[in-house]
There are 2 protein chains.
Amino acid sequence: METKLKRSRQRESILSFLMTRQDHPTADIIYEHVRKEIPNISLGTVYRNLALLTERGEIIKLTLDGICDRYDATTTPHFHFQCSCCKGVSDMPIPDDFTNTLNTLNNTFHGIIEGCTSYFYGICPDCKQKNQDSIHSQNLAEKNH
Amino acid sequence: METKLKRSRQRESILSFLMTRQDHPTADIIYEHVRKEIPNISLGTVYRNLALLTERGEIIKLTLDGICDRYDATTTPHFHFQCSCCKGVSDMPIPDDFTNTLNTLNNTFHGIIEGCTSYFYGICPDCKQKNQDSIHSQNLAEKNH
DNA sequence: TATTATAATAGTAATGATTACTGTAATTGA
DNA sequence: TCAATTACAGTAATCATTACTATTATAATA
């Protein structure tokens with residue numbers, strides 16, 4: 001059913017941009033960047049190619065909060081983390097013992113588990129640090145009131 | 001910042017309907033059902049109350065495929081499974097050893113992990129059974145060709 | 001019970017990410 | 001070079017969700 005792909009400068013530019021990024025940009029962000037190289041590229045082209053690349057398994061589409069999808073050129077299995085403070089998304093390695101969880105599920109579930117999407121949320125290292133800094137300076141201010 | 005809640009027949013009806021269901025219905029399905037009881041309820045009211053209940057932690061909003069959100073009145077932690085065949089969503093208990101995975105992540109991650117959303121996909125028990133049945137009858141047909 | 005403050009509603013309009021459509025252009029294979 | 005077909009730009013349409021507004025329901029108080 002899969003039709004033969006023809007090369008296109010647009011698709012190559014989208015994919016190579018995505019491969020430089022670790023922050024899982026949205027279609028809109030990808031569009032804004034690729035536009036610098038191909039000024040008259042259309043947003044529809046960006047979406048179509050992202051769908052195409054996802055379909056072929058060359059990239060992964062992330063649906064985290066349902067606001068808008070994000071795209072990831074790293075296709076090896078990994079978890080994701082979204083910061084509730086800055087909304088940034090980053091990768092998390094999958095701990096080895098997660099395979100135990102998968103085994104348990106496979107043994108108890110009577111269907112077929114093909115894959116898993118896990119994402120964690122909370123405060124990212126950066127925002128945690130900023131938060132501590134501001135509490136620290138607040139305490140200093142109180143001391144010297 | 002949380003304002004005081006006033007009772008409303010609409011919200012009570014939405015919540016009690018949701019509590020009878022294990023299949024995590026969408027806002028639209030909830031709307032269709034609650035309408036039988038309160039014919040002139042508006043879809044906006046359904047959305048607003050679902051958001052309100054989610055905010056207060058009385059229900060959980062599930063964003064699985066990004067097409068449309070689903071709602072779940074079971075608030076104790078559990079995984080979800082979506083069948084790629086029938087698109088149905090069901091609950092999965094969290095295996096005990098998943099706490100090991102969480103511990104590993106907490107020890108290696110330099111931010112704060114507040115929660116986790118995991119969903120698995122594949123073929124549900126029902127669709128798997130139907131599939132086997134059809135292969136079985138296909139084999140029979142080939143034998144008796 | 002009557003009054004008052006305010007949360008909630010119905011109905012409708014607006015939003016915004018994504019998809020579909022259409023005529024034209026680029027790519028590939030012969 | 002030609003033919004077949006994939007991809008494109010530009011634009012319109014879709015559709016789940018949210019925002020808005022005038023009115024109604026709820027609950028606390030007098």
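These numbers come from the heavy atoms of this one structure, side chains and all, not from hydrogens, waters or symmetry mates. Letters A, B, ... mirror the listed sequences (proteins, then strands); counts begin at 1. Note that the structure is a prediction, hence the values are computed from the model and not measured.
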Open item on the list: Just so I know, are the side chains of A/Y71 and A/T26 near enough to count as touching, which here means a heavy-atom distance under 4.5 Å?
Closed with: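 Counting from C-beta outward, A/Y71 and A/T26 never come under 4.5 Å.
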Task: 4.5 Å side-chain heavy-atom contact, A/V46 and A/I41 - done: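 A/V46 reaches A/I41 side chain to side chain.
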Task: Euclidean distance, B/T104 OG1 relative to A/M92 CE, rounded to 0.5 Å - done: 11.0 Å
TODO: First locate atom CZ of B/F120, then atom CG of A/N106, and finally report the distance between them rounded to the nearest 0.5 Å.
DONE: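 Going from CZ on B/F120 over to CG on A/N106, the span is 9.0 Å.
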- [ ] Sequence neighbours left out, what passes side-chain hydrogen bond (donor to acceptor under 3.5 Å, both in side chains) with B/R21? Give chain and number order.
- [x] B/D23
Task: Partners passing side-chain hydrogen bond (donor to acceptor under 3.5 Å, both in side chains) against A/S90 (at least two apart in sequence or in another chain) - done: none
Task: Phosphate-side-chain proximity, B/T45 and C/dA10, N/O vs OP1/OP2 below 4.0 Å - done: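 For C/dA10, OP1/OP2 do have a side-chain N/O of B/T45 under 4.0 Å.
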Open item on the list: Tell me whether the side-chain N/O atoms of A/Q10 come closer than 4.0 Å to OP1 or OP2 in C/dA26.
Closed with: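 For A/Q10, the contact criterion (side-chain N or O under 4.0 Å from OP1 or OP2 of C/dA26) is not met.
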Open item on the list: Determine whether a donor-acceptor pair (N or O, by modelled atom type, separation under 3.5 Å) exists between the side chain of B/S8 and the backbone of B/R11.
Closed with: yes
Task: Identified side chain to side chain donor-acceptor pair (under 3.5 Å) counterpart of A/H24 within the set A/D72, A/T74, A/D69 - done: A/D72
[X] [atom1] to [N] [atom2], straight-line distance once rounded to whole Å:
X	N	atom1	atom2	value
A/I29	C/dT18	CD1	P	11 Å
A/E12	D/dA7	CD	C1'	13 Å
A/N40	C/dT24	CG	C1'	13 Å
B/E37	C/dA10	CD	P	13 Å
A/L64	C/dA17	CG	P	16 Å
A/R11	C/dA25	CZ	P	20 Å
B/E55	C/dA8	CD	C1'	14 Å
A/D65	C/dG16	CG	P	15 Å

Task: Net bend of the helix from C/dT1-D/dA30 to C/dA30-D/dT1, end axes of five pairs each, nearest 10 degrees - done: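 Rounded value for the end-axis angle: 30°.
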TODO: Return the set of residues passing ring-ring contact (aromatic ring centres under 6.0 Å, His included) with A/Y121 (not counting sequence neighbours), or none when no residue passes.
DONE: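 Once residues adjacent in sequence are excluded, A/Y121 has no partner under the ring-ring contact (aromatic ring centres under 6.0 Å, His included) criterion.
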Task: Base versus backbone protein contacts along nucleotides 23-30 of chain D [heavy-atom cut-off under 4.0 Å; B, S, -] - done: ---BSS--
Task: Summary of protein contacts for nucleotides 14-21 of chain D, nucleotide by nucleotide, where a base hit scores B, a sugar-phosphate-only hit scores S (4.0 Å, heavy atoms) - done: --SBB---
- [ ] Indicate, with yes or no, if the rings of A/F109 and B/F81 have centres closer together than 6.0 Å.
- [x]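 Ring-ring flag for A/F109/B/F81: true, centres closer than 6.0 Å.
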Task: NZ/NE/NH1/NH2 to OD/OE distance under 4.0 Å, A/E32 and A/R35 - done: yes
